[in-house]
Trainee: 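Dropping a structure here in structure tokens format, bear with me for questions.
Because the structure is predicted, anything quoted here is derived from the model rather than measured. We number each residue from 1, following the sequence as shown.
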Amino acid sequence: MEEIIDIVRDGEKKTAIWIGSDDMGIPRHLLQGEKKNGIITDGVKLEEWYWDGLCAIDGERYVYFKPCSIRPIYDIATTKRHDALTIVRKIAFALEKMKKDFLDLITGIFPLYRIWIYGDNDVLILPPDLGDIFAVMRSEERKEAEVNWIIQGNAEKQFLLITEMAELLYYAATGSFPFASPASRDSGFKEIPVSLYADLPEKTEGLINFIFHAKDREMRNIMGNRDGGENLSWFLKRSEDLEWPLENRTEKEREENVRKTEESEDYKAFFASREKKAKRNAFWRVKGTIIIISIVVAAALGGFLWSYIGNILEPPLTKDLEPEEIIEAFYDAQSECNPDGLLTAVKGCKMPQEMEVMNLYVTTRTRMAYENFDPLINAQEWLDAGKPDVPQSSNIYGVELESIEKTGENTYVATGIWYTPFPYNESEGIESTMDSMAVYSYEIRQSFTFTWNDRGWWNITDSEILDYSFIAAESVGTYALSR
């Protein structure tokens, strides 16, 4: 079906946009009152835009208005791809100027059916009353794509418009929305790296990655006390010097690029890790404060109570995981400094990194309580983002798991790179400054022995560090957070 058509109404030529099926007609209350105006912008000024009326053609409902050149916003991934950054910045400019009643941000994001490319590279924003008609008459599947798939579930609501601008840039570069797939949405809203689809300048890719993975504290510093639309001033400032060297392409070329990427080994490996991550998340997800409190108390008493507590706490979903998956979940928990996840499947032994994780956990929670600042940065996420600068006084910590080798009937050896904010040997230390901090990396081999218990799941019953070697001490740039 053609979404944009030319029609004749009362002897005059009009341009019309398809809204949806007219099976049930338009609810009467949506047709009452004075029509509101939309907005056209060139990124410098705003101009009012008005629609003429609604009509039904062959069982489909359309809105029509004076003749013009208009294209769907989705063209930023094809015939308008070269100008995508310019178009997205114009969207941000328009929304940043609008009042709450015009934005009507029920979900925190702005529906894509209200955004159109007008003329050459200008932007048309449909008015809220017309948007309500679209919302009622769109199919549920179409509304999922135009609204729900744009919501990043782990972002602050007032930050979602900034996230939406980054998603549009991601879509223009890749041809796919970052959080549309179930694998992404079920694994902490972790998108496939844009670099697998397109080659963007480092600063441009860095801004997209930062927005997608900003911590709550960083979001709140950006938002301040401003409304969602007003927050777009930050995006406009940060994106004004970006480069966007991507060329236009046909819809067939877009589909072919997506297909080739999704068939590549890098994509399959990343996608598989996302699916495994989603499954492992259920393994060490915090069950409640009682478990955390029990662990901290046990550590404080020198481990006296741990064997007793461990015997009465049933490991969550251990019975559903194979040993390799438990090892992966174990390192996930270490990277998050999550004592509950680290010790869930451990029975009758002390893990080599237990005290290190416990100390970082207590330090992190104490600083969060007193400073309103989360200093922990997951090393894997930092690596995935291209090793960006970090807030001052942060701690980069975690494990980049490289391999798991089965060495015996129930024994395994895991090899990975550990990133820590402190050296394991004083001679390896480097100086931190006001503008930089140190992060140390070590290649470590750790053994795991598993026992199948009579209750029906695997437990880690022995583990030791077999060897480790120093890799590097890196100086990471830092920046001050506004308080």
Trainee: Check whether any side-chain heavy atom of I192 sits under 4.5 Å from a side-chain heavy atom of Y197, and report yes or no.
Mentor: yes
Trainee: Main chain of D83, side chain of W244: is a donor-acceptor contact present, judged purely on distance under 3.5 Å?
Mentor: no
Trainee: Tell me, do V476 and W382 make a side-chain contact under 4.5 Å, heavy atoms counted?
Mentor: yes
Trainee: Would you call K80 and D120 a salt bridge, taking side-chain N to carboxylate O under 4.0 Å as the test?
Mentor: yes
Trainee: If I take atom CD1 from residue I444 and atom CG from residue L466, how far apart are they, to the nearest 0.5 angstrom?
Mentor: 11.0 Å
Trainee: Identify, with sequence neighbours excluded, every residue that meets salt bridge (charged side-chain N to carboxylate O under 4.0 Å, His left out) alongside R254.
Mentor: E251
Trainee: Check whether any side-chain heavy atom of Q446 sits under 4.5 Å from a side-chain heavy atom of E464, and report yes or no.
Mentor: no
Trainee: Applying side chain to side chain donor-acceptor pair (under 3.5 Å), run through Y331 and Q380 and close with a yes or a no.
Mentor: CA-CA 11 Å; Y331 285 123; Q380 187 62 63; over 6 Å; no
Trainee: Looking at E431, I'd like to know if its CD atom is crowded, meaning that more than 12 non-hydrogen atoms belonging to other residues, nucleotides or ligands lie closer than 6.0 Å.
Mentor: no
Trainee: On the 0 to 90° scale, with breaks at 30° and 60°, tag the F450-Y412 ring pair as parallel, tilted or perpendicular.
Mentor: perpendicular
Trainee: With side-chain hydrogen bond (donor to acceptor under 3.5 Å, both in side chains) as the rule and sequence neighbours excluded, what pairs involving residues 201-214 come up?
Mentor: E191-H213
Trainee: Show the atom names and distances, to 0.1 Å, of all donor-acceptor pairs under 3.5 Å that link a side chain in residues 467-475 to residues at least two apart or in another chain.
Mentor:
from : atom 1 : to   : atom 2 : distance (Å)
D467 : OD2    : R445 : NH1    : 2.9
E474 : OE1    : K387 : NZ     : 3.1
E474 : OE2    : K387 : NZ     : 3.2
S475 : OG     : S436 : OG     : 3.4

Trainee: Is it true that Y424 and E356 share a donor-acceptor pair across their side chains at a distance under 3.5 Å?
Mentor: yes
Trainee: N410 vs T451, test: side chain to side chain contact (heavy atoms under 4.5 Å, CB included). Steps then yes/no.
Mentor: CA-CA 7 Å; N410 295 320; T451 300; over 6 Å; no
Trainee: Hey, does M355 have a side-chain heavy atom less than 4.5 Å from the side chain of N359?
Mentor: yes
Trainee: Would you call E256 and R259 a salt bridge, using N to O less than 4.0 angstrom?
Mentor: yes
Trainee: Taking salt bridge (charged side-chain N to carboxylate O under 4.0 Å, His left out) as the test, write out the residues that go with R365, two or more places apart.
Mentor: none
Trainee: Going from CG on L207 to CZ on F212, what distance comes out if it is rounded to the nearest 0.5 angstrom?
Mentor: 9.5 Å
Trainee: Can you check whether E322's main-chain N or O pairs, donor with acceptor, with E325's side chain at less than 3.5 Å?
Mentor: yes
Trainee: With sequence neighbours left out, what residues match Y118 under ring pair (Phe, Tyr, Trp, His ring centres under 6.0 Å)?
Mentor: none
Trainee: Using side-chain heavy atoms (C-beta onward) and a distance below 4.5 Å, is Y113 in contact with V147?
Mentor: yes
Trainee: When you measure from the side chain of Y440 to the backbone N and O of I430, does any donor-acceptor pair fall under 3.5 Å?
Mentor: yes
Trainee: With no hydrogens and no angle check, just 3.5 Å: does a side-chain donor-acceptor pair link N221 and E218?
Mentor: no
Trainee: With distance as the sole test, does D75 use its side chain to make a donor-acceptor pair with the main-chain N or O of T78 at under 3.5 Å?
Mentor: no
Trainee: Mark yes or no for whether N338, through its side chain, and G341, through its backbone, hold a donor-acceptor pair below 3.5 Å.
Mentor: yes
Trainee: Using atom types as modelled and distance alone, determine if a side-chain donor or acceptor of H82 lies under 3.5 Å from a backbone N or O of L246.
Mentor: yes
Trainee: Rounded to the nearest 0.5 Å, how far apart are CH2 of W116 and OH of Y74?
Mentor: 8.5 Å
Trainee: Tell me if a side-chain donor or acceptor on R249 pairs with a main-chain N or O of R81 at a distance below 3.5 Å.
Mentor: no
Trainee: Is the side chain of E253 donor-acceptor paired with the backbone N or O of T250 at a distance under 3.5 Å, no angle test?
Mentor: yes
Trainee: Spell out, as yes or no, whether a donor-acceptor pair under 3.5 Å connects the side chain of K97 to the backbone of A92.
Mentor: no
Trainee: Please step through side chain to side chain contact (heavy atoms under 4.5 Å, CB included) for the pair Y419 and E400, ending with a clear verdict.
Mentor: CA-CA 8 Å; Y419 293 84; E400 183 181 25; 3.5 Å; yes
Trainee: Quick one: CD on Q334 to CG on L360, what's the gap to the nearest 0.5 Å?
Mentor: 9.5 Å
Trainee: Just to verify, what does K260 make a salt bridge (charged side-chain N to carboxylate O under 4.0 Å, His left out) with, not counting sequence neighbours?
Mentor: none
Trainee: So, F330 versus F448, ring centres under 6.0 angstrom or not?
Mentor: yes
Trainee: Roughly how far apart are N121 CG and R71 CZ, rounded to 0.5 Å?
Mentor: 13.0 Å
Trainee: Given 3.5 Å as the limit, does a donor-acceptor pair link the side chain of N459 with the main chain of T461, or not?
Mentor: no
Trainee: How about K347 and I460: do any of their side-chain heavy atoms sit closer than 4.5 Å?
Mentor: no
Trainee: Is a donor from one side chain sitting under 3.5 angstrom from an acceptor on the other, for N231 and Q158?
Mentor: no
Trainee: Quick one: CG on D332 to CD1 on I326, what's the gap to the nearest 0.5 Å?
Mentor: 13.0 Å
Trainee: Assess, by modelled atom type and distance only, whether the side chains of R226 and S233 contain a donor and an acceptor separated by less than 3.5 Å.
Mentor: yes
